[in-house]
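If you scroll down you'll find the structure; I have some questions about it.
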Amino acid sequence: MTDSELVLFAVTDRVALITVNDPDRRNAVTATMSAQLRAAVERAEADPGVHAVIVTGAGRAFCAGADLSALGTATEDGLLALYDGFMAVAQCTLPTIAAVNGAAVGAGLNLALAADVRIAGPAALFDARFQQLGLHPGGGATWMLHRAVGPQVARAALLFGIRFDAEDAVRHGLALQVADDPVAAAMALAAGPASAPREVVLATKATMRTTASPGAVEGEQHEFAKRTELGPQAATVESPEFASRLAAARRR
């Protein structure tokens, strides 16, 4: 596979389908994939014929998190590069749906959380995993989980390592529904904005982001969380304990 194929882009019925596409590595995020994901989101936003965006993963996984080789050598700038793709999804001006077809782990969970709505396939698994790797959460994970599921469930995920299958995800508000074919279900859901005037869709999402937390734009809160997490996460990446855990993970 060439680097140019790490993210696929297609438009059907005014809906852009963006697929992270490295199934042999369970769609693990590299800086190159992250940059292509941002480019795909921006392509959708720039196309007046696109009214909504779906993000999914090729193969059995949604996204297995950051590529361990890239993560193990990441500086703060390197971490920001790994975050950039899912931050583009979070900042997207169009409605976004994550069709979570399999495991969404670490940065892959961030990618799912960055979307407005998540639809879980039967094999979906939502797993923060940060603490188990000896890694501080990053990319705004603490804020996104609080927003999605509330403080208790967010702390269960980040402090106690609780994972959520598809049914658990729906029960806790992490996903909207379970569907045998999450991409097809996402396309059916996206038919709503696809049939509406694009300017109304854009304005409605913009207003909802502004009114979600009066006094602060939602995107600003996410950016604040990302920057707050960055220093502690970079420090854990540089720690001997993380290096040891990373080596053990690579041997598995």
Side-chain angles (χ1 to χ4, degrees), residues 28-29 55 61-66 68 71 74 76 79-80 82-83 85-87 89-91 96 98 100 102-121 123-178 208-209 211-239 241-242 244-246 248-249:
V29 179
V55 180
F62 177 72
C63 176
L68 293 179
L71 184 59
E76 287 194 7
L79 290 170
L80 290 173
L82 291 173
Y83 301 161
F86 64 73
M87 290 299 297
V89 175
Q91 296 158 356
T96 54
V100 184
V105 180
L109 176 60
N110 283 359
L111 176 58
L113 289 168
D116 296 316
V117 171
R118 287 156 293 284
I119 295 177
L125 179 68
F126 300 82
D127 184 358
R129 191 72 63 90
F130 295 106
Q131 187 163 262
Q132 292 91 316
L133 286 173
L135 182 66
H136 190 282
T142 55
W143 176 78
M144 287 192 291
L145 270 166
H146 272 115
R147 177 187 64 166
V149 297
Q152 178 170 252
V153 178
R155 292 173 188 184
L158 292 172
L159 295 175
F160 296 93
I162 300 299
R163 307 186 302 171
F164 306 94
D165 64 16
E167 297 292 346
D168 287 338
V170 172
R171 184 163 63 253
H172 291 296
L174 191 53
L176 179 69
Q177 66 184 86
V178 180
M208 292 188 74
R209 293 183 71 183
T211 60
S213 182
V217 177
E218 191 178 55
E220 294 172 352
Q221 294 175 306
H222 191 171
E223 186 67 25
F224 173 78
K226 182 187 78 172
R227 292 289 176 180
T228 301
E229 294 167 357
L230 184 59
Q233 187 179 54
T236 56
V237 167
E238 296 168 359
S239 70
E241 182 178 1
F242 176 68
S244 176
R245 288 174 180 265
L246 189 61

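Remember, it's a predicted structure, so these values are computed and weren't measured experimentally. Below, all heavy atoms of this structure are taken into account, side chains as well, without hydrogens, waters or symmetry copies.
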(Q) Please check this pair: side chain of Arg118 against backbone of Ala98, looking for a donor-acceptor N/O pair closer than 3.5 Å. (A) no
Q: With the side chain counted from C-beta on, respond yes when Cys63 and Val29 share a heavy-atom pair under 4.5 Å apart, and no when they do not.
A: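 Result yes, sub-4.5 Å side-chain heavy-atom pair found.
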(Q) Tell me whether the count of non-hydrogen atoms from other residues, nucleotides or ligands lying under 6.0 Å of CZ in Arg147 goes above 12. (A) yes
Q | Test item: Asn110 side-chain N/O and Gly140 main-chain N/O as donor-acceptor pair under 3.5 Å | A |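 Checking the backbone N and O of Gly140 against the side chain of Asn110, no donor-acceptor pair under 3.5 Å is found.
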Q: Kindly indicate, with the supporting measurements, whether the criterion side-chain contact (heavy atoms from CB on, under 4.5 Å) is fulfilled by Ile119 and Val100.
A: CA-CA 6 Å; Ile119 295 177; Val100 184; over 6 Å; no
Q. Between atom CG of Leu145 and atom CG of Leu174, what is the distance when rounded to the nearest 0.5 Å?
A.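 Going from the CG atom of Leu145 to the CG atom of Leu174 covers 7.0 Å.
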(Q) Quick check: do Glu167 and Val178 have side-chain heavy atoms less than 4.5 Å from each other? (A) yes
**Q.** Student check: side-chain heavy atoms of Val170 and Leu176 closer than 4.5 Å
**A.** no
Q: Return the set of residues passing ring-ring contact (aromatic ring centres under 6.0 Å, His included) with Phe86 (not counting sequence neighbours), or none when no residue passes.
A: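 Per chain and number, Phe86 pairs via ring-ring contact (aromatic ring centres under 6.0 Å, His included) with Tyr83.
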(Q) Does anything in residues 126-163 form a ring-ring contact (aromatic ring centres under 6.0 Å, His included)? List the pairs, not counting sequence neighbours. (A)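 Listed once each, the pairs are Trp143-His222.
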Q | Whether Glu229 side chain and Ala141 backbone form a donor-acceptor pair below 3.5 Å | A |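 Present.
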Q) Would Val153 and Phe164 count as a side-chain contact (heavy atoms from CB on, under 4.5 Å) if you check the C-alpha gap in whole Å, the side-chain angles of each, and the deciding distance to 0.1 Å? A) CA-CA 10 Å; Val153 178; Phe164 306 94; 3.5 Å; yes
Q: Look up atom CD in Gln233 and atom OG1 in Thr228, then write down how far apart they are to the nearest 0.5 Å.
A: 12.5 Å
Q.
Could you walk me through whether Leu113 and Leu109 satisfy the side-chain contact (heavy atoms from CB on, under 4.5 Å) test, starting with their C-alpha distance in whole Å, then the side-chain angles of each, then the deciding distance to 0.1 Å, before giving a yes or no?
A. CA-CA 6 Å; Leu113 289 168; Leu109 176 60; 3.8 Å; yes
**Q.** Euclidean distance, Asp165 CG relative to Leu125 CG, rounded to 0.5 Å
**A.** 7.5 Å
Q | CZ on Arg227 to CD on Glu223, rounded to 0.5 Å | A |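 The CZ atom of Arg227 is 5.5 Å from CD of Glu223, to the nearest 0.5 Å.
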(Q) Could you measure the distance from the OG1 atom of Thr142 to the CG atom of Leu158? Nearest 0.5 Å is fine. (A) 7.0 Å
Q.
Distance check, rounded to the nearest 0.5 Å: Gln221 atom CD versus Lys226 atom NZ?
A.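 Going from the CD atom of Gln221 to the NZ atom of Lys226 covers 14.5 Å.
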(Q) Checking the side chain of Asp116 only, and the main-chain atoms of Thr96 only, is there a donor and an acceptor separated by less than 3.5 Å? (A)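 Between the backbone of Thr96 and the side chain of Asp116 there is a qualifying donor-acceptor contact (under 3.5 Å).
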(Q) Please check if the number of heavy atoms outside Gln177 that lie under 6.0 Å from its CD is greater than 12. (A) yes
(Q) Whether the side chain of Arg163 engages the backbone of Ala128 through a donor-acceptor N/O pair (distance < 3.5 Å, no angle test) should be reported. (A)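 Absent.
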Q) For the residue pair Leu82 and Ala66, what are the closest heavy atoms and their distance? A)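 Looking at all heavy atoms of both residues, the closest pair is CD1-CB, 4.2 Å.
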